[in-house]
Number of protein chains: 2
Amino acid sequence: MKDAAQKSLSNSQRALQELRRMIFAGELAGGTDHLESELADRLGMSRTPIREAALTLENQGLLELRPRKGVRILPVSPSDMREIYEVLTALESQAAEQAAQRGYSEADLSELAAAIEDMDRAVADQDLEAWAEADNRFHAELVRLGDNNRVASIFNMMNDQVRRARMTTLYIRPVPTKSNADHRAVYEAIRQGDAETARRRHREHRQHAKEILIELLEKHRLNRL
Amino acid sequence: MKDAAQKSLSNSQRALQELRRMIFAGELAGGTDHLESELADRLGMSRTPIREAALTLENQGLLELRPRKGVRILPVSPSDMREIYEVLTALESQAAEQAAQRGYSEADLSELAAAIEDMDRAVADQDLEAWAEADNRFHAELVRLGDNNRVASIFNMMNDQVRRARMTTLYIRPVPTKSNADHRAVYEAIRQGDAETARRRHREHRQHAKEILIELLEKHRLNRL
DNA sequence: GCATTCATTAATGCATACGCAAATAAATGC
DNA sequence: GCATTTATTTGCGTATGCATTAATGAATGC
């Protein structure tokens, strides 16, 4: 057996990751309804694991279980975007502060630095996909350095909720040149153990991102992603 | 029918609220394991609604589903306490800032003021239960004024997770006299629309509370509540 | 023509059943 | 007596069936 990684996933788990994938891929678009039995057929399993997965996804804010109407894929409105970015702002800047206080070595921060480098390169190459990927990596790594599992898990939830919105705005938003100056400033503050600055700069960074995105959504009338 | 409030709760919902109650009441103590079938018998229903409720409670961080071992009620360690209070600190001070920016009238803030009054009275009366209740009310109201559903829902989750710990520490902690000065300062800042001060003061308040509580837990060797 | 009631349909909530795999106990070999 | 294998138990994952109840459409009265 060349494939060492045994793929013994339970049907519930498969349902969970499949539904997630379908939601992110837009196969299940925001605002649409889908019957449990239909999804069960689609994934070739019974309603039971589908229901369990749906329950979890409901708790994670990706969909809603409405009796008799099926599961409703939750669309994201500008107001949701505001809420989500406020949460991300608060938690990530908390993480930045913690990271700075922890006194990480330069080696510990190499992943962060690499993400910044990649973003620079991506901007130079005009490769927005690569930029988005590196940007995510930066934020995720920052959260990881913050060393708080609950913060990390909420961060992931919020990111999942805005994933579709980010994808659609990626190509209509201004080129993220200013962003990288922010990232560098945060990185520098963490490296120097300046917790207050790290927090403040990251806060400003996210707040700015929030404003840009919400303006963009409203300008383009993207009220339900 | 004199009882107007129809109690047509589904079994899942009953399971959910019953399990929650049992966890908070200590009937299901932190760290203990319980089989699905046992809980089903106990609540007089089949495993299906129990599993659904357990799934939800797992997502909310109150328990863990471990195959063959049953559901494990998650104990809270000092490290968990640190994580939770960091989240609460970040989100509540965000709420305080938002509340200040929203420019609420004095009337809008009456609930907040009332909670502060009640805390004063409770401290004077040496009524710790009443103080804890009013303190909760203050924080919950602050979050409500922050006007962010996601923040509110995470706030509730985190509060649930520390509920048992708070109850046990309530009678061994120092009398919360300083607390109220903080609350007043936050209230004042919000009333005056001073967002920066509101945020900073609330941050300090929560950070202080975190330190007190963690010290207390460690001093008394309360490692698994 | 419109509203109201009734019948029908259909999706869910939940109980139940069962196969599988993990944990435990028993049995066998050394 | 100890280790290793085999048998047994047991709890879970999941499929299935059914009663309940909301939603839809038909029928009736005004």
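Here the structure is a predicted model, which is why all the values come from computation and not from measurement. Letters A, B, ... are given to chains in the order of the sequence lines, protein chains preceding strands, and every chain is numbered from 1.
- The local environment of CE in B:M167 is sparse, with at most 12 non-hydrogen atoms from other residues, nucleotides or ligands closer than 6.0 Å.
- Note: CD1 (B:I50) to C1' (D:dG13) measures 16 Å, nearest angstrom.
- Residues A:H205 and A:H202 place their aromatic rings such that the two centres sit under 6.0 Å apart.
- The CD atom of A:Q13 sits 13 Å away from the C1' atom of D:dT14 (whole-angstrom rounding).
- Here C:dC14 presents its C1' atom at 15 Å from CG of B:L55, a figure rounded to the nearest Å.
- Remark: nothing in residues 30-39 of chain A comes within less than 4.0 Å of DNA chain D through any heavy atom.
- Under the rule for a salt bridge (charged side-chain N to carboxylate O under 4.0 Å, His left out), the partners of A:E36 that lie at least two apart in sequence or sit in another chain are A:R47, A:R51.
- A donor-acceptor contact shorter than 3.5 Å is absent between the side chain of B:E52 and the backbone of B:S12.
- A:E58 contributes a side-chain N or O that, together with a main-chain N or O of A:L65, makes up a donor-acceptor pair within less than 3.5 Å.
- Under the side chain to side chain contact (heavy atoms under 4.5 Å, CB included) criterion, A:E133 pairs with A:R137, not counting sequence neighbours.
- Looking at residues two or more places apart in sequence or on another chain, you find no ring pair (Phe, Tyr, Trp, His ring centres under 6.0 Å) involving B:H34.
- In this view, B:R144 and B:E141 satisfy the side chain to side chain contact (heavy atoms under 4.5 Å, CB included) rule, not counting sequence neighbours.
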Open item on the list: For nucleotides 15-23 of chain D, give me one character per nucleotide, 5' to 3': B if any protein heavy atom sits under 4.0 Å from the base, S if the only such contacts are to the sugar-phosphate, - if neither.
Closed with: BBB--BBB-
